[in-house]
Amino acid sequence: MEYNFREIEKKWQKYWDENKTFKAEVNKSKPKYYVLDMFPYPSGAGLHVGHPLGYIASDIYSRYKRLKGFNVLHPMGYDAFGLPAEQYAIQTGQHPAITTDNNIKRYREQLNKIGFSYDWDREVRTCDPEYYKWTQWAFIQMFKHYYDNVTERAEPIEKLIKRFEQQGSKSLNAVFTEELEFTAEEWNGYNEAKKQEILLNYRIAYLADTMVNWCPALGTVLANDEVKDGLSERGGHPVEQKIMKQWSLRVSAYANRLLEGLNDIEWSESLTEMQKNWIGKSEGAEVYFKTVDGGVDILIFTTRADTMFGATFMVLAPESHYVPLVTSVDQQDEVEAYLEATKKRTERERMAETGKITGVFTGSYAINPFTGKEIPIWISDYVLAGYGTGAIMAVPAHDSRDYAFAKHFDLPIVSIIKGSDVSKESYDAKEGKMVNSGFLDGMDVKQAIPAAIEEVEKMQIGNRKVNFRLRDAIFGRQRYWGEPFPIYYKDGTAYPLEDKDLPLELPEVDKYLPTEDGQPPLGRAENWKTKDGYPIELSTMPGFAGSSAYYIRYMDPRNNTELVSKEANEYWRDVDLYIGGTEHATGHLIYSRFWNKFLYDLGIVCEKEPFKKLVNQGMIQGRSNYVYRINGTNKFISLNLKDKHETTELHVDVNVVNNDMLDIEAFKKWRPEFNDAEFILEDGKYICGWGIEKMSKRYYNVVNPDDIAEKYGADTLRMYEMFLGPLEMSKPWDTNGIDGVHKFLRKFWRLFHDEQNNFAISEEKANNDELKVLHKTIKKVQEDIERFSFNTSVSAFMICVNELNDLKCNKREILEPLTILLTSFAPHITEEIWHLCGNTESITYAEFPKCEEKYLVESTFEYPVSFNGKMRFKIKLPMDIDAKTAEQQVLDHEMAQKWIDGKTPKKVIFVPKKIINIVI
RNA sequence: GCCCAGGUGGCGGAAUUGGUAGACGCGCUGGACUUAAAAUCCAGUGACCAUUUUGGUUGUGCGGGUUCAAGUCCCGCCCUGGGUACCA
């Protein structure tokens, strides 16, 4: 039999499906292992060869863990709500559910061809009401809880109500939108609407007037991570800042826990770093600056309290609530003009014009609490309203932004760090000795920071304070294709639906556009009301809602009474290995961790962190091919001859190119205008140029996994994707090398077959050489899989098969374990061989072979001998030789004598199993 | 600007703890088989020099350093990719 991969792959894919080979069930007698891929958004374009990279890696690891005796949970599903399906719906009128369903079918077909070991019975889709019921449920729970800073967890809102009834807002330490003060009597006197309004200020899911990223082109608000460089991540439309009443999640309440949690998980350095930056913890102090007229004290935040002696002015954000309080009558007009001007600038313009210095003087002065001097108060948009207190003390000598501002408006600059020259630029480094700084003089900056904060506290003008950059997540979207909010309004006040009314299903609408009066698309739904006739919220949830807890739902996907049963959760607990791209670093991976921590507070899940280990697969870029047309003709010239002519470089479909050689007939057929093209060849071939670009239709460099699987087989595809390079690195797809891997699989197949291609393995006992090859490979492959170095394991397999080939080994004792070893990489061919070997159960249930070190022990080692660090010759010595004997033997060696040449060696360095170096 | 990752043959990439740099694969060259092609197999393949052979010099982005020994460690710089951007 030839290696007929098409037949073999079809046969076993069917077998696995019919026998539910990869079905996972709670089994307390076995240790669990949960391997998860970031589930895909099923786009209309289908999968290209880059998408399955991570899935293949996780599949290899899942299969490996099964062989190692783990009960593996390896599910797959679809992140199915989202913009593209909706936009397609707007254009064509086709319901997004239909588009999504078609795309999912196509994805499933493509995934099936690669031979993944998913338990498809656990598939979830975020747009399925049975699924989003639990997204809505979690939202209601967030609505019903607030974050208590004392217990450091989410607490039921009833607890807060009780507290208000007894002591009002006094000494409450909870996370809020706005600081409120009221007594118990006041609270008890409030009407229902007022009470609800106050509670909304504390709820974890809350409705408030917030500065949002409004995208007019998409007609919706966006979260911070959905905006890149002032443009929407999807579609690249301009985004502006706007105050709107919006639903938000109080993610910021969890900032500290999200930061601390990073210490307990094994994520890549770069990813943890990204999250740390996004959370942006900074430690410093809040300090009150008195104004000269005494009307108001301005609270500022600083991380450099040590530089307070150098604070020569203050700056307020244009939106700061201090602005009207400190603006003098004389300056009123100027200030208003400035505020008007800044309001008009979009976020985009502000970004493009960073460095452009604008500002206005308020007319008021504050008193620097350390120097006692009067300092002017300015307004400028380089101070952000949303961070810290929206007001700063400016230390131009030691902050580059303050410096630029001071230079521009000619404000005083006072250096307070010894030796810093601030005539040209500020000195921002946190090092040096303090001068001109009263009681801080002579201290090092590192001592001065805490000393200054201590003084601030002693003077009772401020406190130590930690600030975070992380903002709350804006949760409402003015769109159709998302989860409806389980919220209704009674007299304008928001109330959650009862659990029994979930799921609240997405209604039908006539068009997927906003209503004529600017309401979201759900405003078109007929009878979008509760049974009692109260109107239901018109926004829907954002994309990250459905993806925030899907890993929990996989544990118990068909449970319709709970998000997850206690039993399932306590068994599967958390994701042991999560594989996906870095693009989710500041979106999904923050929201998911937040969501998990919230559910942890409620006792629904038992682990504090959802994803124990996370591996980022790199992007696969496209490798484009070019042809060169001589200008003004339909003549194409081969790459190395083109310099003699004026040519135009054109993209050519990579599918009509083989090893950079153009298939001229296929090229002519590719496009009608090339029908009668002529070619200038080199050595009888047309050689194309190439370059690395994004894999995209418009570069004609998209390679489809189905085509590769059809031509070479899924096993070849899987192994080649791994062989391309390290998993985490970005690399270009280049079909050119794939023959090598395919050749390997044919060689592997041939090990089991005789000259006539009949299956033939020998029952003879293996000899030492053969055992050595096997056990060496077991060791190497196991180590490589454990450290996710799949490219080197593929190499190890190639070496192994080549060596067995040289040994003409066809013994069961060697080949059967090798088959098990290879099965996670190439499941189809190994399953076939496993059965040809006489096994009746799937190879999935085999046991990973153990490496027996005894076969690897060498009795001698060939030492490289170097003189002054340069390699000269090799000498074979016993493994267990001691240093003295080894040295003597080497020095007596004829070659060594030649190099020593009568001199006395100064030193002999003997490193067991490594090297011998003689210094002369 | 700041933070992170990376830079090794014609190409993708190995080198896990400082110890024979270039594993494995592609491509290329030559050979075997064949009427021929494909497939398969064998040999060679960093550069330079020398040669009948043994060989020598050089070589991991650039410039220094530590060491018997540096792709790997230290200092300074350049380039590429990713993140972030007035975060006080």
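All chains are named by letter (A, B, ...) in the order of the sequence lines, taking the proteins before the strands, and each is independently numbered beginning at 1. A quick note: this is a predicted structure, and the numbers were derived from the prediction, not measured.
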Using the [atom1] atom as the point on both nucleotides, what is the distance between [M] and [N], in whole Å?
N     : M     : atom1 : answer
B:A21 : B:G59 : P     : 13 Å
B:A15 : B:G46 : C1'   : 16 Å
B:C48 : B:C24 : P     : 23 Å
B:G7  : B:G71 : C1'   : 11 Å
B:A23 : B:U45 : P     : 10 Å
B:G18 : B:G1  : C1'   : 36 Å
B:G22 : B:A47 : C1'   : 13 Å
B:G31 : B:A36 : P     : 13 Å

Heavy atoms under 4.0 Å, any strand shown: does [X] hit a base, just sugar-phosphate, or nothing?
X        : value
A:Ile392 : base
A:Ile909 : base
A:Pro726 : sugar-phosphate
A:Lys906 : nothing
A:Lys731 : sugar-phosphate
A:Asn802 : sugar-phosphate
A:Asp734 : nothing
A:Arg623 : nothing

Do the ring planes of A:Phe788 and A:Phe790 sit parallel (below 30°), tilted (30 to 60°) or perpendicular (above 60°)?
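Ring orientation, 0 to 90° scale: perpendicular.
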
For the residue pair A:Phe405 and A:Trp378, categorise the inter-ring angle as parallel (less than 30°), tilted (30 to 60°) or perpendicular (more than 60°).
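It falls in the perpendicular class, over 60°.
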
For A:Tyr3 and A:Phe748, I'd like to know if the aromatic rings sit close, meaning centre-to-centre distance below 6.0 Å.
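No - the distance between ring centres of A:Tyr3 and A:Phe748 does not fall below the 6.0 Å cut-off.
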
Contact under 4.0 Å: [X] side-chain N or O vs [N] OP1/OP2:
X        : N     : value
A:Lys747 : B:U40 : no
A:Ser866 : B:G19 : no
A:Tyr387 : B:A88 : yes
A:Asn917 : B:U20 : no
A:Asn791 : B:A14 : yes

[X] [atom1] to [N] [atom2]: how many Å, rounded?
X        : N     : atom1 : atom2 : value
A:Phe744 : B:C41 : CZ    : P     : 13 Å
A:Asp739 : B:C24 : CG    : C1'   : 15 Å
A:Glu728 : B:G82 : CD    : C1'   : 14 Å
A:Glu273 : B:G81 : CD    : C1'   : 17 Å
A:Met719 : B:C26 : CE    : C1'   : 16 Å
A:Phe867 : B:U20 : CZ    : P     : 17 Å
A:Arg872 : B:G19 : CZ    : C1'   : 16 Å
A:Met729 : B:C11 : CE    : C1'   : 14 Å

Using heavy-atom distances to pick each residue's nearest nucleotide on RNA chain B, tell me which of A:Thr792 and A:Lys913 is more 5'.
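Mapping each residue to its closest nucleotide by heavy atoms, the 5'-most match is A:Thr792.
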
Reading RNA chain B from 5' onward, which residue's closest nucleotide shows up sooner: A:Asp399 or A:Met274?
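Whichever sits nearer the 5' end wins; that is A:Met274.
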
Proximal nucleotide (of [options]) relative to the [X] side chain:
X        : options             : value
A:Asn736 : B:C68, B:C86, B:C26 : B:C26
A:Ser282 : B:G19, B:A23, B:A88 : B:A88
A:Arg746 : B:A39, B:G12, B:C86 : B:A39
A:Asn277 : B:U40, B:A14, B:C3  : B:C3
A:Met871 : B:G25, B:U20, B:A15 : B:U20
A:Lys914 : B:G19, B:U40, B:G13 : B:G19
A:Ser795 : B:G25, B:C86, B:A23 : B:A23

Tell which nucleotide pairs with [N], taking only Watson-Crick or G-U wobble pairs whose two distances are both under 3.5 angstrom.
N     : value
B:U60 : none
B:C86 : none
B:G81 : B:C4
B:A23 : none
B:G71 : none
B:A39 : none
B:A50 : none
B:G44 : B:C28

For B:G9, glycosidic torsion class - syn if within 90° of 0, otherwise anti:
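B:G9: syn glycosidic orientation.
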
Between A:Lys913 (side chain) and A:Met879 (backbone), is there a donor-acceptor pair under 3.5 Å?
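Not confirmed, A:Lys913 side chain does not pair with A:Met879 backbone.
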
Check: A:His775 side chain, A:Leu856 main-chain N or O, donor-acceptor pair, under 3.5 Å
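No, A:His775 side chain to A:Leu856 backbone: no donor-acceptor pair under 3.5 Å.
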
Does any N or O donor sit under 3.5 Å from an N or O acceptor when you compare the side chain of A:Lys743 with the base of B:U40?
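Answer no: no donor N or O sits under 3.5 Å from an acceptor.
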
Under the 3.5 Å rule, do the base of B:U16 and the side chain of A:Lys780 count as making a donor-acceptor pair?
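It does, because a donor-acceptor pair links the side chain of A:Lys780 to the base of B:U16 below 3.5 Å.
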
Quick one: do A:Lys772 and A:Glu803 make a salt bridge, cutoff under 4.0 Å?
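Answer for the salt bridge query: no.
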
Can you tell me how far the CD1 atom of A:Ile416 sits from the CG atom of A:Asp306, to the nearest 0.5 Å?
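Rounded to the nearest 0.5 Å, the CD1-CG separation comes to 6.0 Å.
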
State the CE-CH2 distance between A:Met274 and A:Trp267, to the nearest 0.5 angstrom.
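The CH2 atom of A:Trp267 is 11.0 Å from CE of A:Met274, to the nearest 0.5 Å.
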
Cation-pi check, A:Arg593 to A:Trp278: give yes when NZ or CZ is under 6.0 Å from the six-membered ring centre and within 45° of the ring axis, no otherwise.
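Not flagged: A:Arg593 not positioned over aromatic ring of A:Trp278.
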
Checking A:Lys780 now: which residues fulfil side-chain hydrogen bond (donor to acceptor under 3.5 Å, both in side chains) with it, not counting sequence neighbours?
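Here the qualifying residues are A:Asp784.
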
